[in-house]
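Written below as structure tokens is the structure these notes are about.
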Amino acid sequence: MKKIRYFQNVKYLEGLKKEELQEAELVSRIFPFRANEYYASLIDWTSPDDPIKRIILPTTEEMEEWGQLDASRESRYTVAPGLQHKYPPTALLIVTDVCGAYCRFCFRKRLFMKHTDEVMRDIEPALEYIASHKEINNVLLTGGDPLTLSTRRLEYVIRTLRQMNHIYTIRIGSKIPAFNPYRLLNDPSLLEMLARYSRGDKRIYLVTHFNHPREITPEAVEAVEMVQKAGVVLANQTPLLRGINDDPVVLGELFNKLTRIGVAPYYVFQCRPTRGNHAFTLPVEFSLEVFEAARRNGSGLAKRARLIMSHETGKIEVLGKVNGQVIFRYYHQAGGAGPGGEEILVFNSNPEALWFDDYSEAQNVIMEKHRLMDRQESA
């Protein structure tokens, strides 16, 4: 059994130059740092632009005054501490504010900056809400990272949800298979627990967060295989990130590696306009080019990913670009507002746009969605 040491001081990132260390220490006073020796060992310290280092190393780029801490207005959909209900069939439980390491591009970094009531401290009000709302049929456990919880505490949440007949699917969003696969390799009780509650027509899904193909190490592959043997279905999501996976070859390799180990490429997110994230963002239409080029290099199984913006009004898929126009679709709409999920939007191209709001035509759409949601909330 290999025990992985965690650390919250950047000085333990061996290989940093003095200037990098000073810069990282300064930034980590505002945007906290956390890592572990396993993930740090994946860094190529001879490369100044190493993508793994970029994922966890604080830099002064994060200090740029840009973006919002709650870029998708998750607070609007928080119905109890730690519980969001944005889409009618889905509840989202923020079960912890701890991760295996802190990604520098995290869109929920506000959770790590101070004590917040967005994280579930007492689970009972959230569970009571889910139990009383029969339209909810799937629950996403997120955070932070649910797999940083003890197996006993995680089992309590899953067991309670399994006792609700209207909950069919439980999803666990986790970067632990990338950050620290030994959490899975060293704890047979965790795998036994997952196997106990993932069965028949009520499966558990583990949504992994592999951002770069180099994170798919032999240890990570072994952890993935053990989870699969426990009857858990796996899928992967990642944001598109400048300097990490914004190369079609790199992103295509990620899709293909995931497919080979039986993890379905799922959502590829446009990086949210979160405070501190400007250096990771890409123009929407450039993201589309990278995404489509990456998919061309894979099999049909590797083409299952969708390019998505997780906007305050819903999940918006970026479908394509033709004749100077960009085509979007509401994949999910917040609160079920407006027409069905197949609503198509066609906007004039804006190569500088980093987010949905940056398209001039989007403003009327957003205002209309807000009116519909406000009407529903007041009804």
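Just so you know, residue 1 is the first one in the sequence shown, and it goes up from there. Predicted, not measured: the structure shown is a model, and the values here were computed from it. Computed over heavy atoms, backbone and side chain alike; hydrogens, waters and symmetry mates excluded.
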**Request:** Go through the steps to decide whether Gln363 and Asp357 satisfy the test side chain to side chain donor-acceptor pair (under 3.5 Å), and finish with yes or no.
**Result:** CA-CA 6 Å; Gln363 302 310 313; Asp357 304 46; 5.1 Å; no

**Request:** Starting from the C-alpha separation in whole Å, work towards a yes-or-no answer on ring pair (Phe, Tyr, Trp, His ring centres under 6.0 Å) for Phe179 and Tyr38.
**Result:** CA-CA 7 Å; Phe179 273 152; Tyr38 164 81; 9.3 Å; no

**Chi angles and distances behind the side chain to side chain donor-acceptor pair (under 3.5 Å) call for Tyr266, Arg304** = CA-CA 6 Å; Tyr266 179 35; Arg304 289 173 288 181; over 6 Å; no

**Request:** Output, in order, the C-alpha distance, side-chain angles, deciding distance and verdict of side-chain contact (heavy atoms from CB on, under 4.5 Å) for Leu83 and Ile130.
**Result:** CA-CA 9 Å; Leu83 177 65; Ile130 295 170; 4.1 Å; yes

**Message:** Between Gln333 and Thr313, does the side-chain contact (heavy atoms from CB on, under 4.5 Å) criterion hold? Intermediate values first, please.
**Reply:** CA-CA 6 Å; Gln333 299 197 53; Thr313 60; over 6 Å; no

**Message:** Run Lys2 and Glu219 through salt bridge (charged side-chain N to carboxylate O under 4.0 Å, His left out) and show every step you take.
**Reply:** CA-CA 11 Å; Lys2 184 170 182 177; Glu219 295 88 349; 5.9 Å; no

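With salt bridges taken as basic N to acidic carboxylate O contacts below 4.0 Å, one links Arg214 and Asp50. The pair Arg295-Glu292 meets the salt-bridge criterion, since a charged nitrogen lies less than 4.0 angstrom from a carboxylate oxygen. At a threshold of 4.0 Å, the pair Glu64-Arg275 does not count as salt-bridged, since none of the basic side-chain nitrogens sits closer than that to a carboxylate oxygen. A salt bridge is defined here as a Lys NZ or Arg NE, NH1 or NH2 lying under 4.0 Å from an Asp or Glu carboxylate O, and Glu155 with Arg152 fails to meet this definition. The residues Lys321 and Glu289 are annotated as not salt-bridged, no charged nitrogen and carboxylate oxygen being separated by less than 4.0 angstrom. The pair Arg54-Glu61 counts as a salt bridge, with a side-chain nitrogen and a carboxylate oxygen less than 4.0 angstrom apart. A salt bridge does not link Lys86 with Glu312: every distance from a Lys NZ or Arg NE/NH1/NH2 to an Asp or Glu carboxylate oxygen is 4.0 Å or more. In this structure, Arg329 does not pair ionically with Glu343, as no charged nitrogen and carboxylate oxygen lie closer than 4.0 Å.
Residues forming a salt bridge (charged side-chain N to carboxylate O under 4.0 Å, His left out) with Lys315 (at least two apart in sequence, or on another chain): none. In this structure, Arg29 has no salt bridge (charged side-chain N to carboxylate O under 4.0 Å, His left out) partners at least two apart in sequence or on a different chain. Among residues two or more places apart in sequence or in another chain, the side chain to side chain contact (heavy atoms under 4.5 Å, CB included) test is passed with Val221 by Ile216, Ile261. Partners of Arg171 under the salt bridge (charged side-chain N to carboxylate O under 4.0 Å, His left out) rule, at least two apart in sequence or in another chain, do not exist in this structure. Glu135 is linked by a salt bridge (charged side-chain N to carboxylate O under 4.0 Å, His left out) to nothing, counting only residues two or more places apart in sequence or in another chain.
Nearest heavy atom pair, residue Cys99 against residue Phe112, reads SG-CZ, 3.9 Å. Scanning all heavy atoms of the two residues, the minimum distance from Tyr129 to His85 falls at OH-ND1, 2.8 Å. For the residue pair Val207 and His209, the shortest heavy atom distance occurs at O-CD2, 3.4 Å. Contact record, Met113 with Pro32: CG-CD, 4.1 Å, taken as the closest heavy-atom pair. Shortest non-hydrogen contact noted between Val250 and Asn245 is CG1-CA, 4.0 Å. Closest approach of Leu282 and Ser287 over heavy atoms only: CB-OG, 3.6 Å.
A donor-acceptor contact closer than 3.5 angstrom links the side chains of Glu285 and Ser349. With no hydrogens or angles considered, a side-chain donor-acceptor pair links Glu23 and Thr60 at under 3.5 Å. Side-chain contact annotation: Lys3 with Asn186, donor-acceptor N/O pair under 3.5 Å absent.
The hydrophobic clustering, which links ILVMFWY residues whose side-chain heavy atoms are closer than 4.5 Å, places Tyr359 and Ile366 together. Note on Tyr168 and Met164: separate hydrophobic clusters, where clusters join Ile, Leu, Val, Met, Phe, Trp and Tyr whose side-chain heavy atoms are under 4.5 Å apart, directly or indirectly. Taking hydrophobic clusters as Ile, Leu, Val, Met, Phe, Trp and Tyr residues chained together by side-chain heavy-atom distances below 4.5 Å, Met367 does not share a cluster with Phe356. Residue Val249 is not grouped with residue Phe286 when hydrophobic side chains (ILVMFWY) are merged at heavy-atom distances under 4.5 angstrom, including chains of intermediate members. A continuous path of Ile, Leu, Val, Met, Phe, Trp and Tyr side chains, each step under 4.5 Å between heavy atoms, connects Tyr156 with Leu147, placing both in one hydrophobic cluster.
Heavy atoms from other residues, nucleotides or ligands lying under 6.0 Å from CD of Glu352 number 12 at most.
Between Leu184 atom CG and Leu194 atom CG the span is 8.0 Å, to the nearest 0.5 Å. From Asp49, atom CG reaches atom CG of Asp44 across 10.5 Å, with rounding to the nearest 0.5 Å. Interatomic distance, Gln163 CD to Tyr197 OH, rounded to the nearest 0.5 Å: 7.5 Å. For the atom pair Asn364 CG and Lys369 NZ, the distance stands at 12.0 Å (nearest 0.5 Å).
With side-chain heavy atoms closer than 4.5 Å counting as contact, directly or through intermediates, the hydrophobic cluster containing Tyr205 also holds Val233. Think of Phe107 as one node in a network of Ile, Leu, Val, Met, Phe, Trp and Tyr side chains linked at under 4.5 Å; it has no links at all. Hydrophobic cluster of Trp66: the remaining members, joined at side-chain heavy-atom separations below 4.5 Å, are Leu354, listed by chain and number.
With respect to Ser174, the side-chain hydrogen bond (donor to acceptor under 3.5 Å, both in side chains) criterion is satisfied by exactly one of Thr208, Thr148, Asp145: Asp145. Looking at His311, Arg272, Met309 one by one, the single match for side chain to side chain contact (heavy atoms under 4.5 Å, CB included) with Ser72 turns out to be Arg272.
Residue pairs meeting the side-chain hydrogen bond (donor to acceptor under 3.5 Å, both in side chains) criterion with at least one partner in residues 222-233, sequence neighbours excluded, do not occur; the list is empty. Residue pairs meeting the ring-ring contact (aromatic ring centres under 6.0 Å, His included) criterion with at least one member in residues 1-24, sequence neighbours excluded, are Phe7-Tyr12. Among residue pairs with one or both ends in residues 181-194, those qualifying as salt bridge (charged side-chain N to carboxylate O under 4.0 Å, His left out) are Arg183-Asp187; sequence neighbours excluded.
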Tabulate below the donor-acceptor pairs under 3.5 Å that side-chain atoms of residues 251-258 make, not counting sequence neighbours, or state none.
from: Asn256; atom 1: ND2; to: Gly252; atom 2: O; distance (Å): 3.2
from: Asn256; atom 1: ND2; to: Asn297; atom 2: O; distance (Å): 3.3
from: Lys257; atom 1: NZ; to: Pro213; atom 2: O; distance (Å): 3.4

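Checked by atom type and distance alone, the side chain of Thr78 never pairs as donor or acceptor with a backbone atom of Ala80 at under 3.5 Å. Distance alone, capped at 3.5 Å, is enough to place a donor-acceptor pair between the Thr217 side chain and the Ala220 backbone.
Between Tyr87 and His332, the angle of the ring planes lies from 30° to 60°, which puts this pair in the tilted group.
The ring of Tyr102 has its center no closer than 6.0 angstrom to the ring center of Phe33.
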